[in-house]
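Working notes, beginning with the structure itself.
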Protein chains: 4
Amino acid sequence: MGSECRAPIGQFVLRFSFLRHESCTVLRFYAFGHAFFMLTIAAATPYNEFEFNFKICIPRMEDSKRAKILEAATKVFAKKGFQYATIADIAREAGISTGLIYLYFENKLDVLLSIILDFLGNLQKANREKLANLTCPKEKLLAILRNFEELLMHDEQGLYLVRILNEALPHIVMIKEKSLQEKRRQILLANRALLDMLDTIIAEGQHKGLFDRSLNPCVMRQILCGAIERVVYGLFYTTYSGDDIGYQAPDAHAAVMRLIEKFIQK
Amino acid sequence: MGSECRAPIGQFVLRFSFLRHESCTVLRFYAFGHAFFMLTIAAATPYNEFEFNFKICIPRMEDSKRAKILEAATKVFAKKGFQYATIADIAREAGISTGLIYLYFENKLDVLLSIILDFLGNLQKANREKLANLTCPKEKLLAILRNFEELLMHDEQGLYLVRILNEALPHIVMIKEKSLQEKRRQILLANRALLDMLDTIIAEGQHKGLFDRSLNPCVMRQILCGAIERVVYGLFYTTYSGDDIGYQAPDAHAAVMRLIEKFIQK
Amino acid sequence: MGSECRAPIGQFVLRFSFLRHESCTVLRFYAFGHAFFMLTIAAATPYNEFEFNFKICIPRMEDSKRAKILEAATKVFAKKGFQYATIADIAREAGISTGLIYLYFENKLDVLLSIILDFLGNLQKANREKLANLTCPKEKLLAILRNFEELLMHDEQGLYLVRILNEALPHIVMIKEKSLQEKRRQILLANRALLDMLDTIIAEGQHKGLFDRSLNPCVMRQILCGAIERVVYGLFYTTYSGDDIGYQAPDAHAAVMRLIEKFIQK
Amino acid sequence: MGSECRAPIGQFVLRFSFLRHESCTVLRFYAFGHAFFMLTIAAATPYNEFEFNFKICIPRMEDSKRAKILEAATKVFAKKGFQYATIADIAREAGISTGLIYLYFENKLDVLLSIILDFLGNLQKANREKLANLTCPKEKLLAILRNFEELLMHDEQGLYLVRILNEALPHIVMIKEKSLQEKRRQILLANRALLDMLDTIIAEGQHKGLFDRSLNPCVMRQILCGAIERVVYGLFYTTYSGDDIGYQAPDAHAAVMRLIEKFIQK
DNA sequence: AATGAATGAGGCTTCATTCAT
DNA sequence: GATGAATGAAGCCTCATTCAT
């Protein structure tokens, strides 16, 4: 925080923090420890007209810095695209300074990789929990795909992730930076593990005579994942651009469930 | 009264037609058979003020060079991603100088929009041709989706397009540049027209009792398109990264056909 | 009720004052004694909507760095001409990196405008001080023109300014950039104010029968200013090109004084 | 010309020429050999809105190409400034192609030098003619300054020249290009000759007891020339920016005459 | 731990100049 | 003589990253 200060206002104490970025100034007013409202003054050209953005917000208290940065970055990457999102954007969104990001991450790409790795980790964890008690291939398949769907549709952050995954995965293969090779390897491994798990379950289902045997399991998996992502992407697009995509989250869920059922059956 | 006349302009012949009406005079200028622009002179009093109405159609230079640039850009955008592709990359790939690109396009974004607009135009054209003789919703749906699939799987350029469409569409909404607004509008319109066409056909099929009535047509369309794109994307990914995706073009085609059949049925 | 408070912000101390009126609360933020901005909160109900009135005064960072850049730019612009001066030249002259200039100014044109605006501001200030105690038109005219002459002949920077003003003023009218419109307006206003002041004094002198009545005040002013600028320009040219212009600063001053006396008299 | 073509319109034959530039298209319509009107279509972006500039003009018939280019360049340099004027601008204004300029001139700087050299040549010629029969220093001085004034105030081109001279002279000293050294030398010589002539006449007048002896002749010359240029510049500024400068050509002339008379007298 | 001023490499874009036609 | 497509050097500007505080 740039600075803090207390001043009595009305019947309670008003505390505020003050943060100057390159292109804007952020003031946060707190009452009772909660951020009371946030005032962003953009375009600090002297003697000029200004643009203000207000955000009345009561933030989570226990936000560790790392999580805060990742959350902000997810939003910014999704809205602007990785390349066009700047470190300054992320810092502004997170309410911190640009330098601090480099205390928690190697560089911008590392932030992106960390978002993806966190997501894949969460997905793996959820899958492990759900699959523990299941034996039927159909139930297993459903469980995994529902986990995928839920993580993406659960909240705004999930919608952002669809956009990010879509954009980022092709790049990950290309990463050359030595210091990020380990993270790159982990992501590719986790991703591959996920796909293999799906392929194996589909093959198992085909083998047991439960699923349609005429199709290549890999294509089937690709279709199922692609359909889910696309459907969720539509939801992201709606919230993001304001255009009506023609359906809501429940429609999306129903359709995905129906797709799985119909498509894998004999 | 009408007359025609040819005059050499640059490297191609300019042809124009001349037509005098009672109250105005119309000049039409043609290049390559296209009406280049149309000039209506309302009150032909010499040395006086005039009223003009223009209608411009196709003022562009060598189409082959333009196509060459677009082809190179498609490849580069697909391989590096739009954000990481530089103008120098495109020029190198096309075998021309960087400056020349700015003779044919406004800037990098304009190149991207042109690629997409050309693709959507081709798709629309192919759809119009195929749909002319069809009445059955199922046949219509199949025709459109096969057009889509064929354009994308037909050759390398098609595979590149999947990657580009995937990455670019979110950006298009964000375009603020004044000079690109018209192209942005056209793309969004063409895209919307395509989606509406699909939605209408699906709704028609549902109404006639041919398709599954329980699902929202927009979601169904989203799933079908998403699945096709994802499957084709897998093929691109294989050729591009060298990783085996686990299936080939024929598998992909078979699966898509089967998906359509199964998913839309009652 | 009022209170004051200090909080460190970046490298300087932020001071603010706090004032509660019956219907609103006013916060004033100061840096270096300047009111940084003023925030009026109309209805201080917590967690509710607010009404704010802002008045921004001087949001800028280190003034010394800004001045350093302007000084370097003045020199470079004068020696190379605005058009041929590069940002790299200015940065080199100021002993900083190119990027830093963009932290203090919008772009190259903004640097130029800032130089001119600063000069006009100094001139206005000097005029205000000198004119405070004068009533005689002749004395007033002399005071203003001597201020002008002194600011330009005082030191090297003054000589540079002649060259810059000469070159820049035609450009200022042409500025289209939205972000520079405000500065453009201010310069034109300040310039106009200066000319109007001169014209008014000349007209007053004519009216009182002190000055030559046969001539248009605007032309007279133009001649006086043009003569001064040209004479000073000669001095700049000498130091800059090494060519002997044939006179020195004292000659210049004597001639200007004599010109004023002779030219305005009846 | 790009192309020519004839078509009967009303009771007389309409001939038109057609010229495509990079950023605009120029049509010229002729009647009876005169350019009837000129239509400039800017921003030839396909499918887009256009900007039109009309110019109804009846050009001189015997325009040699070289003179045409210089005339166009004078206008463009004056309006945009040398650096920001492009060869394409000049070609467009002259109604020719960019390449043709390089058939008549070495490069852009050569065009500028040629404009100035032509002007100085005209001035020298006019001075030689006028001075032939004069012996009185006062008459000689008046004759030279009136020549200067007349050439600059005579027409639009003269006004443009004030602006160009103002901007260009400081640069001429800096020219390093080998191929332009000769022209540079000529300009500096002609300029020096002009100034020397003035200085000599003033000194002569002082010596003969006709002029004020208390001032340095060089400063006096500088003041007289500076005043004239500034006054004429005001007229240019008015026509160019549309702002009212507060006086007209006759006011300017009267004031200049009066200045000379008053300033040089004892 | 946190800040944000400072750096400078690298991309986009313009435009003087060339040259095949 | 005349054209204008093509070239590519050079400048502006952005922004990831560093580092003194």
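Given the structure is predicted, the values throughout are model-derived calculations rather than measurements. Residue numbers start from 1 in every chain, and the chains themselves are labelled A, B, ... in the order their sequence lines are given, proteins ahead of strands.
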Exercise for review: With sequence neighbours excluded, tell me which residues meet ring pair (Phe, Tyr, Trp, His ring centres under 6.0 Å) with D:Tyr102.
Suggested key: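 None.
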Review point. With A:Phe82, which residues qualify under ring pair (Phe, Tyr, Trp, His ring centres under 6.0 Å), at least two apart?
Key: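 A:Phe82 satisfies ring pair (Phe, Tyr, Trp, His ring centres under 6.0 Å) with A:Phe77 once adjacent residues are dropped.
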Listed partners of [X] passing side-chain hydrogen bond (donor to acceptor under 3.5 Å, both in side chains), at least two apart:
| X | answer |
| --- | --- |
| C:Gln181 | none |
| C:Glu177 | C:Asn107 |
| D:His171 | none |
| C:Lys108 | none |

Exercise for review: Take the protein atom CD1 of A:Ile96 and the nucleotide atom P of E:dG4, then report the distance between them rounded to whole Å.
Suggested key: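 About 11 Å, once rounded to whole Å.
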Point to revise | A:Ile69 CD1 - E:dT3 C1' separation (whole Å) | key: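 For the pair A:Ile69 CD1 and E:dT3 C1', the rounded distance is 13 Å.
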Check your understanding: Does B:Lys65 place a side-chain N or O at less than 4.0 Å from the phosphate oxygens OP1/OP2 of F:dA6?
Key ->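 Yes, because at least one side-chain N or O of B:Lys65 sits under 4.0 Å from OP1 or OP2 of F:dA6.
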Check your understanding: Within less than 4.0 Å of OP1 or OP2 of E:dT3, is there a side-chain N or O belonging to A:Ser97?
Key ->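 Answer is yes, contact under 4.0 Å.
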Practice item. Kindly state which residues belonging to residues 77-94 of chain C come within less than 4.0 angstrom of DNA chain F, counting heavy atoms of the residue only, listed by number. Key: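 Within residues 77-94 of chain C, the residues near DNA chain F are C:Ala85, C:Thr86, C:Ile87.
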Review point. In residues 99-113 of chain D, which residues come under 4.0 Å of DNA chain E by heavy atom?
Key: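 Those residues are D:Tyr102, D:Asn107, D:Lys108.
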Practice item. Hey, which sits more toward the 5' end of DNA chain F by its nearest nucleotide, C:Glu177 or B:Gly95? Key: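 Result of the comparison: B:Gly95.
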**Study point:** Base-paired stems in DNA chain F, each at least three Watson-Crick or G-U pairs under 3.5 Å
**Key:**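 In DNA chain F, stems of three or more pairs: E:2-21 with F:2-21.
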Check your understanding: Mapping B:Thr98 and C:Thr98 onto DNA chain E by nearest heavy atom, which one lands closer to the 5' end?
Key ->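 Closer to the 5' end of DNA chain E: C:Thr98.
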Exercise for review: Supply the atom-to-atom distance D:Ile164 CD1 to D:Ile115 CD1, rounded to the nearest 0.5 angstrom.
Suggested key: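 If I round to the nearest 0.5 Å, the distance is 4.5 Å.
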**Study point:** With D:Thr86 via side chain to side chain contact (heavy atoms under 4.5 Å, CB included) - residues at least two apart
**Key:**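 If we apply the side chain to side chain contact (heavy atoms under 4.5 Å, CB included) test to D:Thr86, skipping adjacent residues, the hits are D:Ala88, D:Asp89.
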Practice item. Check salt bridge (Lys or Arg N to Asp or Glu O under 4.0 Å) between C:Lys75 and all other residues, then give those that pass, not counting sequence neighbours. Key: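 Applying salt bridge (Lys or Arg N to Asp or Glu O under 4.0 Å) to C:Lys75 gives C:Glu93.
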Review point. Can you name the residues that form a salt bridge (Lys or Arg N to Asp or Glu O under 4.0 Å) with C:Glu167, not counting sequence neighbours?
Key: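 Residues passing salt bridge (Lys or Arg N to Asp or Glu O under 4.0 Å) with C:Glu167: C:Arg163.
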Practice item. Measure the shortest side-chain to side-chain distance between A:Tyr104 and A:Leu70 over non-hydrogen atoms and say whether it is less than 4.5 angstrom. Key: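 Contact flag for A:Tyr104/A:Leu70 side chains = no.
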